[in-house]
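I have placed the structure first, in the form of structure tokens, so that the comments after it can refer back to it.
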Number of protein chains: 2
Amino acid sequence: MSTRPARSKRATVHDVALEAGVSRGTVSRYVNGERYVSAAARDAIEAAIAKVGYVPNTAARNLVMQRTQAVGFIVHEPHSLFVDDPNIGSILLGANTELSQADHQMVVLIVDSDRDTDRVARYLTGGLVDGVIIVSARADDPITRVVERLQLPAAYVGHPPGAASSAAFVVIDNLGAARSITERLAATGRRRIGMIAAALDRDSGADRLAGFTAALGDSFDEALVEPVPFYSYSAGRDGMRRLLERAPDLDGVFAASDAVAAGAIEALRASGRRVPQDVGVVGFDDSAWARRTTPQLSTVRQPAAGLGAEAARLVLAQLREQEMITERRLDTEIVWRESA
Amino acid sequence: MSTRPARSKRATVHDVALEAGVSRGTVSRYVNGERYVSAAARDAIEAAIAKVGYVPNTAARNLVMQRTQAVGFIVHEPHSLFVDDPNIGSILLGANTELSQADHQMVVLIVDSDRDTDRVARYLTGGLVDGVIIVSARADDPITRVVERLQLPAAYVGHPPGAASSAAFVVIDNLGAARSITERLAATGRRRIGMIAAALDRDSGADRLAGFTAALGDSFDEALVEPVPFYSYSAGRDGMRRLLERAPDLDGVFAASDAVAAGAIEALRASGRRVPQDVGVVGFDDSAWARRTTPQLSTVRQPAAGLGAEAARLVLAQLREQEMITERRLDTEIVWRESA
DNA sequence: TTGTAGGCGTTATCAA
DNA sequence: TTGATAACGCCTACAA
């Protein structure tokens, strides 16, 4: 233990000006790289800055400039996202790369409690960011409302059910992709195909179920659909267990995400079934999970980093007051491995 | 596509004061919940706020208050952390919970390029946060230097090699834990134990190797140590392949992390070896990886959320100008499953 | 090319 | 209990 030294007061433009024997305006001009500053002034200012240890105060600059060059990135449901869904990391990195190139700072804000909700809402209204990217928003979320009310430039990753149409969204075709992979699974000769359907209160979850239903057509059997609350490993494992009790003759499963599929495989193995010999399993996301299961998953590749990057582009466009794109749909792709 | 409406200018305290027929000072007092504001004034202000749609500007407040109630959380090496190490999510959530309770906003900043380094450094110096938590810092990192120079209240998760001693750290006993689990592995009767040693340029990596070496004593064989750059699945898989070529008679492996262990198991399986019958494998972290491998990993449990929470406490303590704790060591625990 | 002065939206001090 | 007024640190006309 030791006592921390009192933090010395920070030098300001004023101090630099005094030290250099010029005016604050000139210092400001130098700092911002404008022309019209003489060599003599420049030298004096540089020396002064070094001497007094000046660093610009961004907060003050933001206040007068009325912009922050910062974009918020809001993460809801952090537990399921961070712990079970490696996609969130890729989305973050994709968005960060894009914002970084535009010289904007990405600040990610986590919403993990009611306290967080209020505080983050205040943060957004407080003029600390110019815009915001939101993943896994819910319809009547306070954050969403605040964004709406302030008309804060925003882009959603995924389409929150019932969201106002004035916002920008970047999505994938969940329905079409779910339909395609279900058809592909059926094409392997499976007769009794079930689905572990997650997060039906979100568009992504509902659409994946709709795609599954559409693919099966007449052979669709409602009893083979097991709804689970989250896109998580444990939800998949538990859901698979219940489904097997109801339908022990199952020979194929579409899991709503790779994490769910991994849990399902675990439950299948525990029940003595072999994958893919006895039961074929397909997932969704092509997240890091897909290559970690044994056998590796056949799944739908979702361009996670691309989703983040595109969302970033959508808010940057709004900041530039360009035409607003309201929806951007990214392509998916089926990757066929060994689990079916 | 549609053109976005011009954002209307935001109402200020000034506008509210005008509308309510009181002074700015009174409005400010009301907004901050101070006493000494009459019922009449209160009603008028409430009505005015609703009418003009006033929301406080946090940036301006921060400027005059000289504090932000925000703490930065810096993530280096985001690829390996986000994609391969689920621990980062738990650390984030642990820190966020603790900061949230103290009514502080956690803002996560990602450093993924040189541009990011500079921008984040400016962000930290700019008066936008009161303190900072740093994970996986490197010794001569510009961020670290900035934090040092500004004497910004900080706490590091993990001990960057060569870091200045004036900072606060929260660590685990990597050496002791590595030693313990290696001894445990040896106790199962393994004779030829190797290690896939990751990130030797970081304290955690170097210490885990040191623990491994210490545990084996005379039977330590340098040829059985395979260094890999990162704590990642792919590094583990590739490292295991190379190690097997050198030492096909191997019967035990200590992998520097669970992700590395998962990769190693994959390589072992590909080589036709069974785990744990032919080769016993142990990992480190008890991250989500540990339960996803088949068989599940025997490993060292690291209190990830606790690390984040403790780091948060360390910076909060500094913000309160309390005695500074320079190092806090959290306990680990061996969890023995089926992989050895 | 440089200095002056006003303002960004708040809070805080001090009379009234 | 309230209202002026001066900061906070910076940018930016405008004048010199």
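So that the names make sense, note that chain A is the first sequence line, chain B the second, and so on, each numbered from 1.
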> Who are the side chain to side chain contact (heavy atoms under 4.5 Å, CB included) partners of A/A305, not counting sequence neighbours?
Replying inline: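 Residues passing side chain to side chain contact (heavy atoms under 4.5 Å, CB included) with A/A305: none at all.
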
>> List the residues meeting side chain to side chain contact (heavy atoms under 4.5 Å, CB included) with A/V64, not counting sequence neighbours, and say none if there are none.
In response: none

> For the pair made of CG in B/D43 and P in D/dT2, what is the distance, rounded to whole Å?
Replying inline: 11 Å

Rounded distance [0.5 Å steps], [atom1] in [X] versus [atom2] in [Y]:
| X | Y | atom1 | atom2 | result |
| --- | --- | --- | --- | --- |
| A/D141 | A/T117 | CG | OG1 | 6.0 Å |
| B/Q151 | B/Q318 | CD | CD | 10.5 Å |
| A/D103 | A/Q69 | CG | CD | 6.0 Å |
| B/I74 | B/D116 | CD1 | CG | 11.0 Å |

Tell me which donor-acceptor pairs under 3.5 Å the side chains of residues 120-128 of chain A have, and how far apart each pair is, sequence neighbours excluded?
unit_1 : atom_1 : unit_2 : atom_2 : d
A/Y123 : OH     : B/Y123 : OH     : 3.4
A/T125 : OG1    : A/A121 : O      : 3.4
A/T125 : OG1    : A/R122 : O      : 2.9

> Touch check for B/A59, heavy atoms < 4.0 angstrom, all strands: base, sugar-phosphate only, or nothing?
Replying inline: nothing

>> Between the side chains of A/E148 and A/R145, is the shortest nitrogen-to-carboxylate-oxygen separation below 4.0 Å, so that they form an ion pair?
In response: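 A/E148 and A/R145: not salt-bridged.
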
> If we fit an axis to the first five pairs and another to the last five of the helix from C/dT1-D/dA16 to C/dA16-D/dT1, what angle do they make, to the nearest 10°?
Replying inline: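 The end axes of the helix from C/dT1-D/dA16 to C/dA16-D/dT1 are about 40° apart, to the nearest 10°.
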
> Going 5' to 3' on DNA chain C, which nucleotide is the first and which the last to come under 4.0 Å of a heavy atom in chain B?
Replying inline: C/dG9 to C/dA12

>> How about CZ on A/R115, more than 12 heavy atoms from neighbouring residues, nucleotides or ligands closer than 6.0 Å, or not?
In response: yes

>> Across nucleotides 7-16 of chain D, 5' to 3', mark each nucleotide with B, S or - according to how protein heavy atoms within less than 4.0 Å reach it.
In response: -BBBBBB---

> Does the pair A/Y30 and A/V16 meet the rule for a side chain to side chain contact (heavy atoms under 4.5 Å, CB included), with working shown?
Replying inline: CA-CA 11 Å; A/Y30 167 80; A/V16 176; over 6 Å; no

